[in-house]
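Numbered from 1 within each chain, the chains take letters A, B, ... in sequence-line order. Atom set for the values below is all heavy atoms of this structure, side chains included, hydrogens, waters and symmetry mates excluded.
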2 protein chains.
Amino acid sequence: MPYTYEYPRAAVTVDCVVFGYDAAALQVLLIQRGLAPFAGAWALPGGFVHVDETLDDAARRELREETGVTDLYLEQLYTFGALDRDPRERVVSVAYYALVDPAHFALAAATDATRAAWFAVDAVPPLAFDHAHILAVALARLRGKVRYQPLGFELLPEKFTLTGLQRLYETILGTPLDKRNFRKKILAMELLRELDEVEQDVPHRAARLYQFDESKYRALTERGFNFEL
Amino acid sequence: MPYTYEYPRAAVTVDCVVFGYDAAALQVLLIQRGLAPFAGAWALPGGFVHVDETLDDAARRELREETGVTDLYLEQLYTFGALDRDPRERVVSVAYYALVDPAHFALAAATDATRAAWFAVDAVPPLAFDHAHILAVALARLRGKVRYQPLGFELLPEKFTLTGLQRLYETILGTPLDKRNFRKKILAMELLRELDEVEQDVPHRAARLYQFDESKYRALTERGFNFEL
DNA sequence: GCATTATAGTGTTGCTATTACACTATGTCA
DNA sequence: TGACATAGTGTAATAGCAACACTATAATGC
């Protein structure tokens, strides 16, 4: 049942840049398109916004449908509205970026229409549409924001070692950090709960495990505290 | 000539939060709506995005048409997609925020359809749609961003005094700043060109005028320099 | 023209935060 | 039990930040 409008309209899509951290590299979740345009090419998960769902809902729905990822930190990134981003028609895309621990869930099985896989952010294949550009913007945002918001924890398992956390920050920021200074700073913030557990199955002295304490963070934030580096 | 689509679609609008600085207060530019919905109410300037213009172009066009403002710093803010933001139909709004020196241009004359005026940001009338929310988000962004990007200069005349610049920052940030420390810091950045001119028509010793040096800023930025406070 | 007023302009010091840096401790494995 | 791999820990020098008050200059009014 077709709908009629007085003027031609732009369609609205959402596209999601899902970051994960694994194997000591920052990864991004891509899907392989089954349909034209760009059939066979890799692309960011995403799709058209339904008329009865919010943008956030659309982003979560597309992620669930196309990749199986459900539980994640999700934040709007930017809205891309170049005239020729989609060869079919005028499409405005509201881009989101998301952070997730890849070990925490299984990717959706491949279907006829789509297949999902992780790629290291510095080794992504050519992407459909303007998705390479969107990815670049998302990376810049992540690198900028991770310095003054405790986002890094979203990419790690619930329990992690201080060295693991440091490696993550080194990977995202692209610079080595001093071990003693890093630990001093992080611990001084009192955002971490020290657990009575150590990592398992390592061929050397095991490191103590820590947990991010969301409630402490919220309490501190209300008192004007600012996370930094 | 109506257009037909398979599914109902969201319409796309742009809305602009235009900040100005005058009379020692931060101001926002509003228009009074002539048409339903919200006829007579004040609202952010904005309107529907044409199918053959980018989002940025649409924002600039609406500003020109509705307010007469043409030359300004304009940046995308956030995209609002709640289901009921517009009582007529589903409308997704890409919001922009803009900075301008109000003294630099004249507001567009009132027409049957619209009338533009400045309001102090802490004394705006009730706004149409979700525009009060959009304004709040824009203010938060401005307050956050002004600390690490030299945005303040966009709100001032080309030539300004150091005290004027300090007052602006105090107004936006809502905190008093130390005069000597402020001057030291700003001058140490070497972003300002010191002019051989002083302010005119003041009933006391006249202050020296300075000018923001955009090219110096770009040069420094490329070398990893970061504006702060 | 002199006193008043209003703002411009200017340095130093103590404190805090940041950086740079190297060794001992502990567990695993062969 | 020795070799190994990583955990875990403190200090000193430096740089950046915050706090603070007086003199200089132009205009105005008497």
Could you list the protein-to-nucleotides 23-25 of chain D atom pairs, N/O on both sides, closer than 3.5 Å?
| from | atom 1 | to | atom 2 | distance (Å) |
| --- | --- | --- | --- | --- |
| dA24(D) | N3 | R205(B) | NH1 | 3.0 |
| dT25(D) | O4' | R205(B) | NH1 | 3.3 |

Checklist entry - Quick one: Y210(B) OH to dA8(C) P, roughly how many Å, whole number? => result 11 Å

Next on the checklist: Rounded to whole Å, how long is the line connecting atom CD of Q200(B) with atom P of dT7(C)?
Outcome noted: 17 Å

Next on the checklist: Below 30° counts as parallel, above 60° as perpendicular, anything between as tilted: where do the rings of W42(B) and F119(B) land?
Outcome noted: perpendicular

Item to check | E199(B) CD - dA26(D) P separation (whole Å) | outcome: 12 Å

Next on the checklist: F225(A) vs F227(A), test: ring pair (Phe, Tyr, Trp, His ring centres under 6.0 Å). Steps then yes/no.
Outcome noted: CA-CA 7 Å; F225(A) 161 86; F227(A) 179 88; 7.2 Å; no

Checklist entry - Should the ring pair W118(B) and F105(B) be called parallel, tilted or perpendicular, given that the plane angle runs from 0 to 90° and is split at 30 and 60? => result tilted

Item to check | d(CD, E194(A); C1', dG8(D)) in whole Å | outcome: 12 Å

Checklist entry - Just wondering, are more than 12 heavy atoms of other shown residues or ligands nearer than 6.0 Å to CZ in R167(B)? => result no

Checklist entry - Between L229(A) and R183(B), which is nearer to the 5' end of DNA chain C once each is assigned its nearest nucleotide? => result R183(B)

Next on the checklist: Could you tell me if the side chain of T79(A) sits less than 4.5 Å from the side chain of Y78(B), heavy atoms only?
Outcome noted: no

Checklist entry - Got a sec: does the CZ of R147(A) have more than 12 other heavy atoms crowding it under 6.0 Å? => result no

Checklist entry - For the pair made of CD in E197(B) and P in dA8(C), what is the distance, rounded to whole Å? => result 17 Å

Item to check | Side chains of L55(A) and Q76(A) in contact at under 4.5 Å (non-hydrogen atoms) | outcome: yes

Next on the checklist: Rounded to whole Å, how long is the line connecting atom CZ of R167(B) with atom C1' of dA6(C)?
Outcome noted: 12 Å

Next on the checklist: Which label fits F153(A) and Y169(A): parallel for a plane angle under 30°, tilted from 30 to 60°, or perpendicular past 60°?
Outcome noted: perpendicular

Checklist entry - Tell me: CZ of F182(A) to P of dA17(C), nearest whole Å? => result 19 Å

Item to check | Nearest-angstrom distance from the residue atom NZ of K185(A) to C1' of dT9(D) | outcome: 19 Å

Item to check | More than 12 heavy atoms of other groups within 6.0 Å of H104(B) NE2 | outcome: no

Checklist entry - Counting only heavy atoms not in K159(A), do more than 12 fall under 6.0 Å of its NZ? => result no

Item to check | Distance-only side-chain donor-acceptor flag, D101(B) / Y21(B), under 3.5 Å | outcome: no

Polar atom pairs between nucleotides 11-16 of chain C and protein, under 3.5 Å, N or O only, would you list them?
| from | atom 1 | to | atom 2 | distance (Å) |
| --- | --- | --- | --- | --- |
| dT12(C) | O4 | K184(B) | NZ | 3.0 |

Next on the checklist: Base, sugar-phosphate or nothing for T163(B)? Non-hydrogen atoms, less than 4.0 Å.
Outcome noted: sugar-phosphate

Look for any protein N or O under 3.5 Å of an N or O in nucleotides 28-30 of chain D and output each such pair with its distance, or none.
none

